[in-house]
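What follows is a single structure, written as structure tokens, with notes after it.
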Amino acid sequence: MAVIYAKQALLDEGWATNVRLDLRDGRIVSINPGTGPEANDTRVDTLLPALGNLHSHAFQRAMAGMTEFRQAGRDSFWTWRELMYRFMERLTPEQIEAIAAQVYVEMLEAGYASVGEFHYIHHQPGGAPYDNIAELSERIFAAASRTGIGLTHLPVLYSYGGAGQAELSAGQQRFGNNVDDFEHLFDAASAALRHLPGDARIGIAPHSLRATSPGELSRLVARHGQGPIHIHIAEQPREVREIEDWLGARPVEWLLDNQPVDNRWCLIHATHMADAETHEMAASGAIAGLCPITEANLGDGAFNGPGYVEAGGSFGIGSDSNVSISLTEELRMLEYSQRLRDMSRNVLVPGEGSVGRFLYTSAARGSAQALARASGSIATGNLADLVAIDSQSAALCALSRDRLLDGLVFAATDRVVTDVWSAGRHVVRGGQHVERDAVFAAYRSAIERLVAT
């Protein structure tokens, strides 16, 4: 049994002082406020529930900074995508594993305890399958195992190159599977996942409406009656137009009318919704998977936050392209995108109250639901997904406890993180991951080989 002593902790019922948590088999088995530390306790300043990063394409971290040079004409999501395809075509399994491990170290040091890996590279360059159809999924598993991050693996069904069942382009060949081949991949990945700790999970990820078909999507969902379902939806106006032209309805509208969308689902981006879609999605119980840094980087647009929150919608955050991995900046960008659009302040909180606390605690609960992970709050029986921060840092030391999360979200950086536990695994200590140097050495070696080619 491990024991954590915190000077203060944000529990399910609110703030408590002088708290001892007993951890066993990765879970919180008892919480005792108003007590003193004992000799072998791990002592921290302020303890919070750790968020999950609900949407990641780990390999894209290695191309950060490579797409910020303006070419002739107008850059867009679609021109960025072509550059991403060319980069991805050169990656080997060993490089994918090394990149993922580096990404997961950075996520953990930023305060995330878990990740939903939306994994769509399945094949060799050119599209030929590996002898082991789950080869690249197993590379993700190896990275998660080495770093200790909690993993929800989301293998992607990607059958078509665009709306209307267009053929896959040359750059999409590494993604492509029909439903039957995807099921073989899913079964192989599920078997390999058993070698990870017991908190690891697997779900399904039909990439988007444009990358599948109505019949195939229904077959896939019917075959998987349990576990999370993640899908890209309504990220770009062009995507919305193409789906409406093809299926006769906007993407979110069509999905809600034609699939059993409920609390198992996570709709990634959902950026461009009409008011009716916003309210119906909120009522469905699905999670809005928001990736504010990537959405800003790609010029996607701003999510309809006020309408969604007012309707009682749930959300979580992810780092998507991993161009910048920062938990505090994701939450900050989410609120700031609303302020810039609406020319207002303190937007994303229903009624009155702390914006930082609402953003943080809502994202903690939403990411836990999206990743099918028993976490999101500090409560007996939950996984010990925990983050400790230093409330005496320069950005936080002047704040009362009731304003601490406002300071964390809007004034601090991730450097205030001192410790992180993922299902009780104490993987960040003193602000650094326990395998930081070795993981980075492997990453740098992989990147040097990649650049040399």
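Count residues from 1 along the sequence. These numbers were taken from a predicted model, which means no experiment stands behind them.
Side-chain contact between P125 and R174 is present, with at least one heavy-atom pair separated by less than 4.5 Å. Proximity of I99 to V103: side-chain heavy atoms (C-beta onward) are separated by under 4.5 Å at one or more points. Within the 4.5 Å cutoff, the side chain of V323 has no heavy atoms near those of the Q60 side chain. Side-chain contact between L54 and I268 is present, with at least one heavy-atom pair separated by less than 4.5 Å. Side-chain contact between E109 and V417: absent, with no pair of heavy atoms (C-beta onward) separated by less than 4.5 Å.
Nearest heavy atoms, Q338 versus P306: OE1-CD, 3.1 Å. Residue A188 comes nearest to A134 through the heavy atom pair CB-CB, 3.7 Å, listed as atom of the first residue, atom of the second, then distance. For T212 against L217, the heavy-atom pair with the smallest separation is OG1-N, 3.8 Å. Between P206 and I231, the closest heavy-atom pair is O-CG1, 3.2 Å. Nearest heavy-atom pair across G52 and L371 is CA-CD1, 4.0 Å. The shortest non-hydrogen separation linking S324 to I293 is O-CD1, 3.9 Å.
By the 6.0 Å and 45° rule, R139 does not stack over the aromatic ring of Y130.
Here the CD-CD1 distance, from E13 to I378, works out to 9.5 Å after rounding to the nearest 0.5 Å. With values rounded to the nearest 0.5 angstrom, C291 atom SG is found 6.5 Å from E330 atom CD. From E239, atom CD reaches atom CD1 of I243 across 6.0 Å, with rounding to the nearest 0.5 Å.
Of the possible donor and acceptor atoms, none in the side chain of R373 sits under 3.5 Å from a partner among the backbone N and O of A368. A donor-acceptor contact shorter than 3.5 Å links the side chain of D414 to the backbone of T328. At distances below 3.5 Å, not a single donor-acceptor pair connects side-chain atoms of E242 with backbone N or O atoms of A163. In terms of modelled atom types and a separation under 3.5 Å, the side chain of S422 and the main chain of S114 share no donor-acceptor contact. When atom types are taken as modelled, the side chain of S145 and the backbone of F141 share no donor-acceptor pair closer than 3.5 angstrom. Side-chain atoms of R332 come within 3.5 Å of backbone atoms of A412 as a donor-acceptor pair (strictly under, hydrogens ignored). Without hydrogens or angle criteria, E89 side chain to G126 main chain gives a donor-acceptor distance under 3.5 Å. Judged by distance alone, the side chain of Q173 and the main-chain N or O of S169 form a donor-acceptor pair under 3.5 Å. A side-chain donor-acceptor contact under 3.5 Å links N382 to the backbone of S377. A donor-acceptor pair is defined here as one N or O able to donate and one able to accept, closer than 3.5 Å; no such pair exists between the side chain of H184 and the backbone of F186.
Under the 3.5 Å distance criterion, with hydrogens and angles disregarded, a donor-acceptor pair is assigned to the side chains of T278 and N304. Looking only at atom types and distance, the side chain of S56 has a donor-acceptor partner in the side chain of E117 under 3.5 Å away. For the residue pair D300 and H272, no side-chain donor N or O sits within less than 3.5 Å of a side-chain acceptor on the partner. For H153 and S137, the side-chain atoms include at least one donor-acceptor pair closer than 3.5 Å.
Heavy atoms of other residues, nucleotides or ligands lying less than 6.0 angstrom from CZ of R415 number 12 at most. The number of heavy-atom neighbours closer than 6.0 Å to CG of D12, taken from other residues, nucleotides and ligands shown, is above 12.
Using a 4.0 Å cut-off between a side-chain N of Lys or Arg and a carboxylate O of Asp or Glu, R86 and E82 do not qualify as a salt bridge. Between R250 and E277 there is a salt bridge, since at least one side-chain N of the basic residue sits less than 4.0 Å from a carboxylate O of the acidic one. Using a 4.0 Å cut-off between charged nitrogen and carboxylate oxygen, R223 and D180 count as a salt-bridge pair.
Less than 6.0 angstrom separates the ring centroid of Y308 from the ring centroid of F303. Aromatic rings from Y104 and Y112 are positioned such that their centres are separated by 6.0 Å or more. Aromatic ring centres of H230 and F118: separated by at least 6.0 Å.
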E235 vs T271, test: side chain to side chain donor-acceptor pair (under 3.5 Å). Steps then yes/no. CA-CA 5 Å; E235 181 175 2; T271 306; over 6 Å; no
Using side chain to side chain contact (heavy atoms under 4.5 Å, CB included), reason through D419 and V387 one step at a time and then give a plain yes or no. CA-CA 6 Å; D419 296 80; V387 57; over 6 Å; no
E335 and F358: side chain to side chain contact (heavy atoms under 4.5 Å, CB included), yes or no, with the steps? CA-CA 11 Å; E335 168 69 16; F358 177 77; over 6 Å; no
Apply ring-ring contact (aromatic ring centres under 6.0 Å, His included) to residues F175 and H207 and explain how you reach the verdict. CA-CA 10 Å; F175 312 156; H207 178 273; 7.4 Å; no
As a quick check of understanding, evaluate side chain to side chain contact (heavy atoms under 4.5 Å, CB included) for H232 and H55, giving each step before the final call. CA-CA 10 Å; H232 288 138; H55 189 67; 3.1 Å; yes
As a quick check of understanding, evaluate side chain to side chain contact (heavy atoms under 4.5 Å, CB included) for T46 and W15, giving each step before the final call. CA-CA 10 Å; T46 300; W15 285 106; 3.8 Å; yes
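Residue P155 is tested with N177, I202, I204 for a side chain to side chain contact (heavy atoms under 4.5 Å, CB included); the sole match is I202. Exactly one residue among L47, V19, L404 makes a side chain to side chain contact (heavy atoms under 4.5 Å, CB included) with Q8. That residue is L404. Evaluated for a side chain to side chain contact (heavy atoms under 4.5 Å, CB included) with W421, the options L23, I28, D385, V427 yield exactly one hit, L23.
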Which donor-acceptor pairs under 3.5 Å do side chains of residues 279-290 form with protein atoms, sequence neighbours excluded?
{"residue": "H279", "atom": "ND1", "partner": "D275", "partner atom": "O", "Å": "2.8"}
{"residue": "S284", "atom": "OG", "partner": "M281", "partner atom": "O", "Å": "2.6"}
{"residue": "S284", "atom": "OG", "partner": "A286", "partner atom": "N", "Å": "3.1"}

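Applying the side chain to side chain donor-acceptor pair (under 3.5 Å) test to residues at least two apart or on different chains, the pairs with a partner in residues 310-321 are N53-S319, H57-D320, H269-D320, T294-S321, S319-N322. Judged as a ring-ring contact (aromatic ring centres under 6.0 Å, His included), not a single pair has a partner in residues 234-267 (not counting sequence neighbours).
The aromatic rings of Y443 and F440 sit tilted, their planes meeting at an angle between 30° and 60°.
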